[in-house]
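All remarks here apply to the structure that follows.
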Amino acid sequence: MRNTVHKPVLIAHGGAGVRTPVSERAERRRALISAVETGLVVLRGGGSALDAVTATVAALENHHLFNAGFGSVLTREGRVEMDAAVMVAECQDSIAEGSADAQKRAITRIRAGGVVLVSRVYNPVLLARCVMERTPHVLIAGSAAERLAREAGIRMCRPEQLITDRARSRWFASLKSPKSALQEHGTVGAAALDRAGNLAAATSTGGVSGKMPGRVGDSALIGAGLFANSRGAASATGAGEAIMKAGLCREAVRLTPRLGVQEAAQRAIEELHGATGGEAGVIIVDSRGRLGYAHNAQAMEIALLAPSGEIEHLAVPATKKV
Ligand code: ASP
């Protein structure tokens, strides 16, 4: 298994929710394609799935039209509070214990790291990776996470530097109509398989506009906003409260061997809707490099490496009436 060379693949999303304004669509499309390109350059150069999803999500965090990093939506009090995480399932050779002839077999090692409620870093996904690589923990919140960022030399900023005019005007709108604001999404995420067969996922968000200060969404929660194991890697977007209750990404990956990626993505969304009434979207890559995606919101934007070798951008219509 370890010696098999896999064809690297990558899929990314730019959020699910209400349709984005027509005036923004071309730029969002370009940004999503370019972020996937960035990740594919990493993979094709022999880089890891983890490096690829980190690079893809960081590129989207840097883009002002996505709700992650620069351009994040604001809390009810007009502040940025971001969540992000990475998760990786890596193939490793091991010596089978208890076996008389000490046979070699492949095992999967799983690692994860995340941050919630951070306001002072440009790229929360880099800090999430730092939690995974530099601490024995999985999830660190707020000022303690920002202290880690400082120690690790991750680029810091003042919270106001992350606020765009666009986010500010949406915030004003959310004060007038809190319900409509909660339907506005734009979270970013990616999932990838590398040549060595390692799978990784990353998700990053500013959360939901007009949220209560201290609210934590699904994006940095393992099993909810992202998941990776030997079967597949997934990233979610949409109503965080519903995604958490349904454990969306873990469920989608769990269903993959039985149903195949596409059907698994659809079924996981149907289950989420049935159990919570919420709207969400999910992307998956499985251990054979097959890609799946589904959502039940008005719209979901994704970009992926198509079998033709080209990067395809899709404004995905709701996969099924649920
Ligand atoms: N899932 C994110 C959250 O609830 C929002 C989104 O995906 O747009 O924080």
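Every number for a ligand or one of its atoms is a count from 1 in the order of the listing.
- At a 3.5 angstrom cut-off on N or O pairs, Gly240 counts as close to ligand 1.
- Each of the following atoms of ligand 1 lies closer than 4.0 Å to a heavy atom of Thr237: 6 (C), 7 (O), 8 (O).
- A salt bridge is defined here as a Lys NZ or Arg NE, NH1 or NH2 lying under 4.0 Å from an Asp or Glu carboxylate O, and Asp51 with Arg129 meets this definition.
- Side-chain contact check for Thr75 and Glu81: no donor-acceptor pair (N or O, by modelled atom type) lies under 3.5 Å.
- When heavy-atom distances to ligand 1 are checked against a 4.0 Å cut-off, Ser219 comes that close only through its side chain, counted from C-beta outward.
- Among Val9, Asp194, Leu305, the one residue that satisfies the side chain to side chain contact (heavy atoms under 4.5 Å, CB included) test with Leu43 is Asp194.
- Considering backbone and side-chain atoms together, Arg215 places an N or O closer than 3.5 Å to an N or O of ligand 1.
- Numbered from 1 in the order shown, with element, the atoms of ligand 1 that lie under 4.0 Å from a heavy atom of Thr187 read 2 (C), 5 (C), 6 (C), 7 (O), 8 (O).
- Arg134 places no side-chain N or O within 3.5 Å of a backbone atom of Leu148 that could act as its donor or acceptor partner.
- A salt bridge links Arg158 to Glu160: at least one charged side-chain nitrogen sits closer than 4.0 Å to a carboxylate oxygen.
- With Met82 as reference, Val118 is the one residue of Leu117, Thr205, Val118 to meet the side chain to side chain contact (heavy atoms under 4.5 Å, CB included) rule.
- One distance of note links OG1 of Thr256 with CG of Asp286; it measures 6.5 Å at 0.5 Å rounding.
- Below 4.0 Å from some heavy atom of Gly186 lie the following atoms of ligand 1, by number and element: 8 (O).
- Ligand 1 has no nitrogen or oxygen under 3.5 angstrom from a nitrogen or oxygen of Ala16.
- Those atoms of ligand 1 that come under 4.0 Å of a heavy atom in Gly207, given as number and element, are 5 (C), 9 (O).
- No N or O atom of Asn67 sits closer than 3.5 Å to an N or O atom of ligand 1.
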